Amino acid sequence: MGLKTFIAGWPVYRQLTGTDPLGRGAAAQSARSAALTARTETADSMARSVCPYCAVGCGQRVFVKDGQVTQIEGDPDSPISRGRLCPKGSASKNLVTSPLRQTTVRYRRPYATEWEDLDLDTAMDMIADRVIAARDATWEDTDEQGRTLNRTLGIASLGGATLDNEENYIIKKLFTALGALQIENQARI
Amino acid sequence: MAEAHPVGFQWVMEAKRRGAKVFHVDPRFTRTSALADTYLPIRAGTDIALLGGIVRYILENELDFREYVLAYTNAATIVSDEFVDTEDLDGLFSGYDPKTFTYGQRSWQYAGHEENSGDRNTHKERETAAGLRHESHGMPVGGQVQRDETLQHPRCVYQLLKRHFSRYTPEMVERTCGIPQAKFLQLARAWTENSGRERTGVLIYSVGWTQHSVGVQYIRTGAIIQLLLGNLGRPGGGVLALRGHASIQGSTDIPTLFNLLPGYLPMPHYTDHTTFTDWVDSIRHPGQKGFWDDARAFGASLLKAYWGDAATPENDFCYGYLPRMTGDHGTYQTVLNMIDGKVKGYFLLGQNPAVGSAHGKAQRLGMANLDWLVVRDLFMIESATFWKNSPEVETGEIVPEECRTEVFFLPAASHVEKEGTFTQTQRLLQWREKALDPPADARSELWFFFHLGRIIREKLAASDQPRDRAVHDLTWDYPTHGDLVEPSAEAVLREINGYEVATGRPLSAFTEAKDDGSTAIGCWIYTGVYADGVNQAARRKPGRDQDWVAAEWGWAWPANRRILYNRASADPDGRPWSERKKYVWWDADRGEWTGYDVPDFEKKKPPTYQPPEGATGVEGLAGDDAFIMQGDGKGWLYVPTGLQDGPMPTHYEPAESPIRNPLYGQQANPTRKVYDNPVNSVNPSPPQAHSDVYPYVFTVSRLTEHHTAGGMSRMVPRLAELQPAMFVEVSPELAGELGLAHLGWAHLVSGRAAIEARVLVTDRLTPLRLDGRVIHQVWLPYHFGREGIVTGDSVNDLFGITLDPNVLIQESKVGTCDIRPGRRPTGPALLELVGDYRRRAGLAGGRPPIVTTEASEREVG
Ligand code: SF4
C-alpha cells in the first residue's frame, strides 16, 4: 500500500478533504461497512404501520424477511413524525420479537399453584360457556319497581386504548348485546 | 412532552426556532424543561391557582382579544340573579346540598333560563360520568339569551369572571403554587402578548391535568384563557390534549366505556331514557341551536348498525335491547364490587390494572375474588400472575391454594400482525397494514371477539329467552379470510363509517344520516372515513408533497377537519384575522366558506346570517356562531350547566394535601367522588388532625423509555436496559433532612401501602416555600411491577381512590406519604408498618369531612 493510498484511506483525511465534513457518511465508511446491505433492502415485504405506544402516531415501516420482522423504522413520508421514532418506537421490533412474548394459551385452574397448557379452541369454548353462565346467574330484567334494566353486572372488561378502532367497535357491540355494562378502558384512568 | 411524547415535541422545537417562547410548568424539572425558555416549578395539584392568576391578569388589565371575545364567547351573556359565587360562600357555589355533596344547578343558569336545567339530578350525573358525553359538544342550554355587548352588566359573564378570579393575585399564586411572582409575571406577559389578530398561543396538557379530583376544571381554566385570548379555532392556537396510548382517542370515540355508546351517545339510564324518544331528546335538547339536533338520526342509525333487519321504526330500532345504567358502573366501582363478590368474570384487554390503576391492592384483591379472569396480552403481566406473584402473596393476603379465580391467558397479536386503524391524539385515523401473521395461538382482538360472539350465538341459537333476542338479532356476519379465519377489519370500518341500507353504498358525511332506518352507522362522527368506498384512513400522500395541513394523510374526524371550530379563524365578517393567521374564510364571490382546512361551518351560510325568530338546531346558528356544537353557538367562559363542581373553576386542594386551602375555607372539591369501602382510605389533610403523619407530597409520571404500566416496555430488552430500576427523585434538601443516600434505598408509606425505591438525589426537584413553610415533593415513575426483565414496586399502590366528579377519573397525580431511609420490611411486618401509620393517622374508621366551610349551613338546596 502506497503512502498516498494509506492517507486517503484514513477517515479523518477523507472527512477534511471530501464531501462529508461531519464524518457521518462516506468519510466514516470502511471496506467492511461499504460491503454491507441494509435489512430494508433485502426484505421480502414492507408494511406501512403506526407506532403502538403513545398517541403521537408516528409512522413506521415494518420489514419482513422469511416470515420474520427484520426491521422497524420511522416512515419519512409521515407529516406527523417525518421519519423519526423515539426510544419506544425504535424498540418496536424488539417488542414484537421479544423472547418474553407469550405465544400459547396458559390456564390456571382455581386453587392451582402453577399454569398449565390449554388448546385455543378449548379455551374459546370454555370462555363462551362462562360468559353465558355468568350472564344467566346475574341477569336483571327489571328493578324491583318493574323498570327495564336488561343487563348483567356479573361481567366486566377493561382495556381498549392499545387496540384498533375496529376491535373496540365489535367489543362494545358484543358486550352491549349481551347486556354487559361494565366495559371500561384506559381513558377512565 | 419531551419525555412522554418525544416525536410530537419536535414541533414545539420547530416553533421555538421560529421565535415562539416555550414555558414549562411541572413539579419536576424534566427533559421538556431543559428545552423550554422558562421553567416554572409548581406544587402538584395547584394548576387552577396558577391559571386563575392568568385569567385575573388578563381581565384586570383588559388584555382579552375583545373582538373575538364579544363575537365568539358567552362573555356578554347575562346570568341568573339567583347565582351566588364562591367569593361569597367561602369556596362553594349556590345550590350546594351538603347531604348528597352535589349541586342543584338552577341558580347557575343564564338569566331567563332558570327552569332549563333546574331539575337536573347532579347526583345521577356524577354517578354516570355524564361530563364525558360532552367531549364533542356542550351541555344543554337554550339558544336565545340576554346579552350586554358593553360587558358592563354586573351579572354578565365577563364581570362574573372578573370578580370570581379577583383573589388569584400574583401573591396568591406564589403562596399556593410556590411559583415566584417574577416567573409568574413572565408567563402572564408572554401569554397575553401572543394574542390578537396577528398572534396566537397554544396550551398543551396531558394526564398531569386529568388525574385529579378537580381535573376537568383544570382544563376548563385553560380553555377560559384560550377563549379570552382568541386562541381557539385558529392555527397555532388550541388546548391540545396529548394522549398516552396509540388509540386511546379512538377507544373514547368508539368507547369501551360504561356510560357511552359510539359517537358520544349516552348509554341509556333506566329512569331518564325510558323510551327511544326520551333518549334522543336528551341528546338533542329540543330548542337549542347546533348540530346535535340530528341526534335522532345518529341514534337510529347506530341501532340499525347493531341490529340490522330486526331494527325497524315500529320497534324503535330495538332500543329496548340496550342495557340500562342505574348509577356508577365505572372501573373503580366495579373493582370494589369484585372485592364484595358481586362480579363473576373479568376480561383484561391490553391493560394491566395491577400496576396501572390507583390502589393496586384493591385491584389485586378484586381479581382474586372472581370466578374467572381472561387476560389478553402480549406478555405475562402482573394482572395475570397476581395469584402467585404479588405483594399480597408476600404478605399472605392472597394464598394461591385458597384463591379460586380461574385464569385464562390468551396471547394477543401485536400491531404488525393485524390490520386496522388507530386514532391518534389529533383525532386522526391511520390505517396500519399487516406485515405478517401472529405466532402460534396469538390472535387479534378482532378475531377473539368475533369468534367468541359466533360461539356464544351458536350456543344460544336454540334459546327462546327474551334476553337472548339481542344476541340472535345482532348483525355478526363479517367476512373472514385466511387460515386463521380472521374477520375483515375493513368490513368493520365500513360499518363504523355507515352505509345506505338498501344499496350498501358507504355514506360520505354524517349529514346523510336518516332517522327512518334507511341508514346504518356504527359511529356517526367517523362517517366519511370510508367515503366513496375508499379507506380514507389509509391515505399516505407524503407530507413533503402537501401543504402544512397535510389533509391527505390519514383522515380526521369529523369530516377530515384538522382544526375544530375553525370558523373562529376568521373575524365576525368572515375575513381572516390577519394574513399571517389565515386559515378558513368566507369567499364572498363564490358565496361559500373556503380555506386550507375543511370549514367547520355550513358551507353556504354567510357571516351575516341571522336566524329567524325562534329558529333552533342548525338553522338557529347565526353566521358568527362559531362554536356550532354548543347550545348557544358560543365558546363558554362560564358553564351554566352540566359540570358537577361549578360554573367557573375554583382552586381546591387535592384530596390529600399537607396544607390548608389558601383561598377558601372549603378545602377540597366538595363534589369529588368518594367510596366508603373498608379497603379504601384517604390520608388526613387539614383541617383534619394528623396530616403530619404523611407530611410529603408525591407525584408520578412517565419516563421516555417506558410505557404506562410497563407491559410493553419492561418486557422489551432494549427498553428495560435503558431504565432498569424503580427509583424516587428527591431534592438534596430533603435527602439531607431524611438521611437518604444517593443510590441508596428509601421506602414510602401511605394509608394503603409501603413501597421501596432507589434514591436519586437531584435538584430537578425544588423545595417550595409557601407562606414561610417549606413543602417537599418527590417524584416517581409508575411503570414498575413484579414481572418482566426489570422489576420494582408499583407506585400506584400508594394511592387511594378519589375521583373527579365529572368523568370519574382518579386523583393519581398527587398524594401524601411519609418517606424513610432503607428498604421496606417484607411479609407480615410490611402490613404492621402500614397499620401502625394508619393508627397514628386515625384512619381506622370514618372518612375526612367533605365540607370544610360553614358557608354550607347558610346555603342549602
Ligand atoms: S415513536 Fe415515540 S413519540 Fe412516536 S408514537 Fe411511538 S412512542 Fe409516541
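Note on naming: letters A, B, ... go to the chains in the order of the sequence lines (proteins, then strands), and numbering restarts at 1 for each one. Since this is a predicted model, take the numbers as computed values, not measurements.
- Contacts between Arg443(B) and chain A at a heavy-atom distance below 4.5 Å involve the side chain alone, from C-beta outward.
- Interface remark: Ile132(A) contributes side-chain atoms only to the contact with chain B (heavy atom separation under 4.5 Å).
- Taking OG of Ser92(A) as the reference point, atom CZ of Arg718(B) lies at 11.5 Å (rounded to 0.5 Å).
- When side chains are defined from C-beta on, Asn168(A) does not count as touching Pro255(B), because their heavy atoms never get closer than 4.5 Å.
- The aromatic rings of Phe408(B) and Tyr107(A) sit tilted, their planes meeting at an angle between 30° and 60°.
- Within a 6.0 Å radius of CZ in Arg109(A), other residues, nucleotides and ligands contribute 12 heavy atoms or fewer.
- Within the 4.5 angstrom heavy-atom criterion, atoms from both the backbone and the side chain of Asp136(A) approach chain B.
- Note that OG1 of Thr256(B) and CD1 of Ile183(A) are 8.5 Å apart. Values are rounded to the nearest 0.5 Å.
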task: Evaluate the side-chain contact (heavy atoms from CB on, under 4.5 Å) criterion for residues Phe422(B) and Asp164(A): first the C-alpha distance (whole Å), next the side-chain angles of each, then the deciding distance (0.1 Å), finally the verdict.
output: CA-CA 5 Å; Phe422(B) 284 151; Asp164(A) 299 351; 3.3 Å; yes
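- Proximity to chain A is absent for every atom of Asn352(B), based on heavy atoms less than 4.5 angstrom apart.
- By number of non-hydrogen pairs under 4.5 angstrom with chain B, the leading residue of Val96(A), Leu95(A), Leu85(A) is Leu95(A).
- For chain B, the option among Thr142(A), Val62(A), Asp141(A) with the highest count of heavy-atom pairs below 4.5 Å is Val62(A).
- Most heavy-atom pairs under 4.5 Å with chain A: of the set Glu402(B), Gln10(B), Gln465(B), Glu458(B), this distinction falls to Gln10(B).
- The interface of residues 18-33 of chain A with chain B, defined by heavy-atom distances below 4.5 Å, is empty.
- With values rounded to the nearest 0.5 angstrom, Leu163(A) atom CG is found 10.0 Å from His245(B) atom NE2.
- With contacts defined as side-chain heavy-atom distances shorter than 4.5 Å, the pair Ile155(A)/Lys344(B) does not qualify.
- Interface remark: Phe175(A) contributes side-chain atoms only to the contact with chain B (heavy atom separation under 4.5 Å).
- For the side chain to side chain donor-acceptor pair (under 3.5 Å) condition, the pairs that include at least one residue of residues 94-105 of chain A, sequence neighbours left out, are Arg101(A)-Glu417(B).
- Glu184(A) meets the side chain to side chain donor-acceptor pair (under 3.5 Å) test with Arg188(A); sequence neighbours excluded.
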message: Could you walk me through whether Leu120(A) and Leu410(B) satisfy the side-chain contact (heavy atoms from CB on, under 4.5 Å) test, starting with their C-alpha distance in whole Å, then the side-chain angles of each, then the deciding distance to 0.1 Å, before giving a yes or no?
response: CA-CA 8 Å; Leu120(A) 177 61; Leu410(B) 271 67; 4.2 Å; yes
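- Looking only at side-chain heavy atoms (C-beta outward), Asp125(A) and Ile455(B) come within less than 4.5 Å of each other.
- Highest contact tally toward chain B, considering only Val64(A), Thr113(A), Val69(A), is held by Thr113(A) [criterion: heavy-atom pairs under 4.5 Å].
- The CD1 atom of Ile72(A) sits 5.0 Å away from atom NE2 of His415(B), with the distance rounded to the nearest 0.5 Å.
- The contact between Glu401(B) and chain A is made by backbone and side chain atoms together, counting heavy-atom distances below 4.5 Å.
- Taken to the nearest 0.5 Å, the CD atom of Glu140(A) stands 13.0 Å off from the CZ atom of Arg324(B).
- If you tally non-hydrogen atom pairs under 4.5 Å between each of Ala177(A), Ala180(A), Ala161(A) and chain B, the highest count goes to Ala161(A).
- Per-residue counts of heavy-atom pairs under 4.5 Å with chain B were compared for Asp75(A), Leu178(A), Val131(A); the largest is that of Val131(A).
- Annotation for Pro87(A) and Leu722(B): closest pair CB-CD1, 4.4 Å, computed over non-hydrogen atoms.
- In terms of modelled atom types and a separation under 3.5 Å, the side chain of Gln351(B) and the main chain of Gly159(A) share a donor-acceptor contact.
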task: Please test Cys403(B) against Arg108(A) for side-chain contact (heavy atoms from CB on, under 4.5 Å), starting from the C-alpha separation and ending with a verdict.
output: CA-CA 11 Å; Cys403(B) 172; Arg108(A) 187 248 176 187; 3.7 Å; yes
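- Residues of residues 51-61 of chain A that come closer than 4.5 Å to chain B, counting heavy atoms only, are Cys51(A), Pro52(A), Tyr53(A), Cys54(A), Ala55(A), Val56(A), Gly57(A), Cys58(A), Gln60(A), ordered by residue number.
- The candidate with the highest count of non-hydrogen atom pairs below 4.5 Å against chain A, out of Gly345(B), Gly543(B), Ala470(B), is Gly345(B).
- When each of Trp387(B), Trp548(B), Phe448(B), Phe449(B) is scored by its heavy-atom pairs under 4.5 Å with chain A, the top score falls to Trp387(B).
- Counting heavy atoms from C-beta on, the side chains of Thr162(A) and Thr708(B) never come closer than 4.5 Å.
- Between chain B and the options Gln68(A), Lys88(A), Gln182(A), the largest number of non-hydrogen pairs under 4.5 Å is found for Lys88(A).
- Between Asp77(A) and Arg544(B), at least one side-chain N (NZ, or NE/NH1/NH2) sits under 4.0 Å from a carboxylate O, which counts as a salt bridge.
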- prompt: Which is it for Thr475(B) and Lys173(A) under the side chain to side chain donor-acceptor pair (under 3.5 Å) test, yes or no, and what are the steps along the way?
  reply: CA-CA 9 Å; Thr475(B) 57; Lys173(A) 185 175 175 179; 2.7 Å; yes
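- If you measure heavy-atom distances from Thr138(A) to chain B, the contacts under 4.5 Å come from the side chain alone.
- The distance from the OG1 atom of Thr385(B) to the CH2 atom of Trp115(A) is 7.5 Å, given to the nearest 0.5 Å.
- Interface remark: Val105(A) contributes backbone and side-chain atoms alike to the contact with chain B (heavy atom separation under 4.5 Å).
- Contact count against chain A (heavy-atom pairs under 4.5 Å) is highest for Tyr478(B) among Tyr478(B), Trp307(B), Trp431(B).
- Proximity of Arg467(B) to Thr152(A): side-chain heavy atoms (C-beta onward) are nowhere separated by under 4.5 Å.
- Using a 4.5 Å cut-off on side-chain heavy atoms (C-beta onward), Val374(B) and Arg130(A) make no contact.
- For Ala133(A), no part lies near chain B; criterion is any non-hydrogen pair under 4.5 Å.
- Heavy atoms closer than 4.5 Å to chain B are found in the side chain of Trp139(A), but not in its backbone.
- For the residue pair Asn165(A) / Thr421(B), a side-chain donor-acceptor distance below 3.5 Å is found, with atom types taken as modelled.
- Residues Pro717(B) and Pro99(A) are in side-chain contact: their nearest non-hydrogen atoms beyond the backbone lie under 4.5 Å apart.
- Interface residue Leu446(B): backbone and side-chain heavy atoms are both found under 4.5 Å from chain A.
- Between Leu428(B) and Ile80(A), some side-chain heavy-atom pair lies under the 4.5 Å cut-off.
- Chain A forms the most heavy-atom pairs under 4.5 Å with one residue out of Gln426(B), Gln546(B), Lys418(B), and that residue is Lys418(B).
- Contact count against chain A (heavy-atom pairs under 4.5 Å) is highest for Phe258(B) among Tyr526(B), Phe258(B), Tyr321(B).
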message: Before you tell me yes or no, could you show the steps for Arg135(A) and Leu460(B) under side-chain contact (heavy atoms from CB on, under 4.5 Å), namely the whole-Å CA-CA distance, both residues' side-chain angles and the distance that decides it to 0.1 Å?
response: CA-CA 12 Å; Arg135(A) 181 171 174 264; Leu460(B) 293 179; 4.0 Å; yes
